[in-house]
Amino acid sequence: MGTETARSVHGRVDRPILYRWGAWCARRAWRVIAVWALVIVGAGLLVPKFTDSLTGSSLKVDGSDSARVETLLTEKFASPVSEDAVVVFDSTRHTADAPAYRAAVGAAVAALRDQEGVLDIADPYAADDPTLFSEDRRTLLVPVGLGGGERDRQDTVPRIQDTLDDVAADGEGVDVMLTGSSALNAAVVEQQDKDLARAESIGLPIALLVLLAAFGTLVAACLPLLLGVVALVTSFGALGAVSGVVSFDVFSQAVVTMLGLALGIDYCLFAVTRMREELAARKGDVPAAVGATMATAGKAVLFSGCTVIISVAGLLVVRAPVFRTMALGVMIAVAAMLAVATTLLPAVLGLLGPRIDKLAVPGMKRSVRTTDVSRSGWARWTKVVMRRPVLVGGLTGVVLLLAILPAAQLKLGFDVGASAVSDAPAGRGYELVADKFVPGAATPLQIVLDKPAGALDDADLAALEQLTERLRDNDDVAEVQSVTDVLRQQTGGVDAAGLRTLMEAAKQDGEGLGRLIATDGRTTALAVLPREAADSDASVDLVHWIRDTAVPDTVGERDGTSAFVGGLSAQTVDISEEVSRATPLVLALVLGLSFILLLLAFRSLLLPLSAIVMNLVSVGAAFGLLTLVFQEGHGASLLDFTSGGFIQAYLPLLTFVILFGLSMDYEVFLISRMKEEWGHSRDNTRAVTEGVAHTAKVITAAATIMMVIFAAFMITKVVEVKQMGFALAVAVLVDATLIRVVLVPALMRLLGSSNWWLPGWLDRVLPRVELTEGSAPPPDDAPARDEAAGRLREEPAARG
């Protein structure tokens, strides 16, 4: 850093690179804005590519049993069906025996046989399987085998439904619906697009009202909102650019939208607030004001954004694409926000200059003027906390502990989303299957036995038959389809010779065993229909029983033979276990890297530690309240949902890293301002009091905006988006109130000057990247500030 200095309302600021960069952007505002105009146009063209490529929530875990099943089914079987779905026919006018009903079924089956992505479908009348007909004969199921990966299947199912809609339109009162995992996911994608648009239409106008209250002028209020939208469009454009090689989960769109708007608006809000203060002190020197803004608030924004990126990057160690793509999406989005905040924002601030306070809102002119923060209500409140840190901090700690306690009962599960899309064909079909058949018929389990050493022999087939019968004896199993049943029906026995004969016959007539036995005779598959829904406790327990008891007791370890359990319920089990495995590693990475970053930022040992503890408390309180509401069901009618008795499997870990990054956002802005004051006065009480007094108003406004945006997403029908919106809104509320303006100042008062201690040897080896140049003396032209500081020094000593 150079030795040239510039005046600031808070002291002399060395001109680091961010100061020079901000001043440069202010002097060349139109050039920067012109470049950004091109970027925004390009990003806007790429946004549809991102939204069109979204897939439903994937529970795949790399290397898991369920992932292995999908791979084996796709690679080794003549009919590479990777998902079993069902076409549901239903009529209030006809029974399944009526000619019109039979004609509709025949037309649908014929049309789907030529449909790309449909690998297996049979006429239910020819199959003569009574389990495919409901008891009242008005609803009928046609099993359909779909091929390809998750993204391919979700591209296929809308085309299948369009074909079925044409059949229904030509029929006479027969509804035709495709349902299953991919069909439900595709419907959730469509529903979430509608929900996000509605949430934005509610959240943005309320955010504008909060900004008007905070700034008092229309120009200053609209600027963060406008740049927040620019950051969001840029984020989606960047994600669209990489969507050709990475499949993004539909939940990524919701998370990026929430964070893009909230963080984009917040970062601009902090910078605009500081810009107004700098303009008031510099009497119209716009480039210097922008430079000082970027050297202080801009630097804090950079550290805050880097903390969010580091937090989310911890998800990359989870062996599940849903976490990795989510992490990648959020990291790209935050990087885009930082690009906007450090390039476009200083250019726009330089272009506006003093005009940022134009168009004052009637009755709010006081908000436009710079006031003496030492006389503000926040300053008076902070003095109360500083006088009674043990009492105030202790009471706050008790409240937070009560909020955290329910998190100990947190339970993971998975909601397939049928209730969110009950108006869509996939949702209606799923409900009909659950009401008139067994719910598991729409999402069966698959068990694959693989013997790399050679073809299945008599002993293997005997073990397979034993497993089949063991499954049928389980009360939670409605039906099992196994090659041993076909063998006994066709040959009268179960042996390897009969299997070879049957396979040869199947090759000649093209019918039969393509889905039950691999072409090399080494791998076989069983289809298991649970009696309960895929997201029920009973189906999850069934998966555990099959893996831990049924398979070891029957198949065991024989000649390298392995048995794998797949399907939606198995994926739920696998991702829950992966979350449990990865959580300690993610925590260690996030906490360790955050500590290092904050150590560099604050040059203190205790401040990073206390910041991490405060953030964990904030996250814990959010999880406790999330458990209380969405798992226990308190307030379910108010928030319009039905509790499933669990939290969405991948939500807690994802929410943790996001909340940790967001909580650090306010910590960075608060402590960096305290650090400035400490550098001037070396008075801990004064530093804490002035830091809170200077930042509390803007932090409150920023937190209110975040809460509004996050809460707007609670109106969605998709349960994980609703849960995420609730958790983020509650965490921000707790963080900006109980944590930042009560617990943090109370703790810092008790720690005293130890807050700022750093061993000399560590101070010498650490690179100088701290947020503020706190050692610079206060300016000579700030008598009003010195007078306010004198009043603070005269405050009586705090009492515990």
Side-chain angles (χ1 to χ4, degrees), residues 307 311 314 385 389-413 576 579-580 582-588 590-592 594-595 598 606 608-636 638-639 643-667 670 699 703 706-707 710-711 714 720 722-748 750-751:
T307 305
S311 296
V385 176
V390 174
L391 177 62
V392 178
L395 291 175
T396 303
V398 170
V399 172
L400 290 171
L401 179 61
L402 292 175
I404 293 171
L405 285 177
Q409 306 300 320
L410 189 145
K411 178 183 175 184
L412 300 181
S576 297
V579 168
S580 299
T583 295
L585 182 57
V586 173
L587 286 174
V590 171
L591 299 183
S594 297
F595 176 81
L598 293 177
L606 286 182
L609 288 174
S610 63
I612 288 172
V613 171
M614 292 297 102
N615 287 357
L616 290 176
V617 169
S618 175
V619 172
F623 279 1
L625 295 175
L626 180 70
T627 303
L628 198 64
V629 173
F630 284 92
Q631 182 173 306
E632 302 300 328
H634 299 290
L638 181 64
L639 298 179
S643 174
F646 54 79
I647 302 300
Q648 204 76 339
Y650 51 80
L651 195 68
L653 190 57
L654 174 65
T655 305
F656 165 76
V657 296
I658 292 176
L659 287 180
F660 192 87
L662 291 181
S663 298
M664 201 62 77
D665 183 20
Y666 297 137
E667 183 77 8
L670 175 61
I699 284 178
M706 275 198 176
M707 285 188 292
F710 295 152
M714 291 165 57
E720 55 260 47
K722 190 185 290 284
Q723 290 179 359
M724 174 69 82
F726 176 86
L728 294 179
V730 167
V732 170
L733 174 63
V734 170
D735 194 77
T737 53
L738 298 179
I739 302 290
R740 301 305 155 197
V741 296
V742 181
L743 212 54
V744 169
L747 180 61
M748 293 186 71
L750 293 172
L751 293 175

Closest non-hydrogen atom pair between [X] and [Y], with its separation:
X    : Y    : answer
I404 : G620 : CG1-C, 3.6 Å
Q648 : Q723 : N-OE1, 3.3 Å
P608 : F595 : CB-CD1, 3.5 Å
T627 : A407 : OG1-CA, 3.9 Å
A611 : L598 : CB-CD1, 3.9 Å
H634 : L628 : CD2-O, 3.2 Å

Given the rule in the side-chain contact (heavy atoms from CB on, under 4.5 Å) test, do T737 and V742 qualify, once you have shown the distances and angles that lead to the verdict?
CA-CA 7 Å; T737 53; V742 181; over 6 Å; no

Got a sec: does the CD of Q409 have more than 12 other heavy atoms crowding it under 6.0 Å?
no

Atom [atom1] of [X] and atom [atom2] of [Y]: how far apart are they, to the nearest 0.5 Å?
X    : Y    : atom1 : atom2 : answer
L405 : F623 : CG    : CZ    : 15.5 Å
L733 : L625 : CG    : CG    : 9.5 Å
E632 : L410 : CD    : CG    : 10.0 Å

List the steps and the verdict of side-chain contact (heavy atoms from CB on, under 4.5 Å) for V657 and V590.
CA-CA 8 Å; V657 296; V590 171; 4.2 Å; yes

Taking ring pair (Phe, Tyr, Trp, His ring centres under 6.0 Å) as the definition, give me every residue that meets it alongside F710, ordered by chain and number, with sequence neighbours left out.
none

